[in-house]
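Since the structure comes first, as structure tokens, the remarks are kept for the end.
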Amino acid sequence: MKDKVKFLENVSDAALREAEFRYKKLLSVLDKIDDPDFWICRNCKQPIQEGKLMVMPESVLCVHCAF
């Protein structure tokens, strides 16, 4: 039983760390959202696809340049 509790604590800690990391990235995005280059790919200078920004708002590369 102790192993199960420890496992669940580790999973919860990992989930919390991931949520905190994602939250910090989103705060960073909010600081940049009014920047005219926010939607522009750093590599090809084309607009970043809206779908990608919905899933990964911190993206700086379009779908084509990311791969």
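- For residues 48-61, the pairs satisfying salt bridge (charged side-chain N to carboxylate O under 4.0 Å, His left out) are Arg22-Glu58, Lys25-Glu58, with sequence neighbours left out.
- For the atom pair CD1 of Ile40 and CG of Asp35, the computed distance is 10.0 Å after rounding to the nearest 0.5 Å.
- Between the CG atom in Leu53 and the CD1 atom in Ile33 there is a gap of 9.0 Å [rounded to 0.5 Å].
- Nearest heavy-atom pair, Leu61 versus Cys41, reported as atom, atom and distance to 0.1 Å: CA-SG, 3.8 Å.
- Cys65 SG to Arg42 CZ: the interatomic distance, rounded to the nearest 0.5 Å, is 12.5 Å.
- Distance CG/Asn43 to SG/Cys62: 7.5 Å, rounded to 0.5 Å.
- Here CD1 of Ile48 is found 10.0 Å from CE of Met56. Values are rounded to the nearest 0.5 Å.
- Taking 4.5 Å as the limit, every side-chain heavy atom of His64 sits out of range of all side-chain heavy atoms of Gln46.
- Here Tyr23 contributes atom OH and Leu16 contributes atom CG; the two are 13.0 Å apart, rounded to the nearest 0.5 Å.
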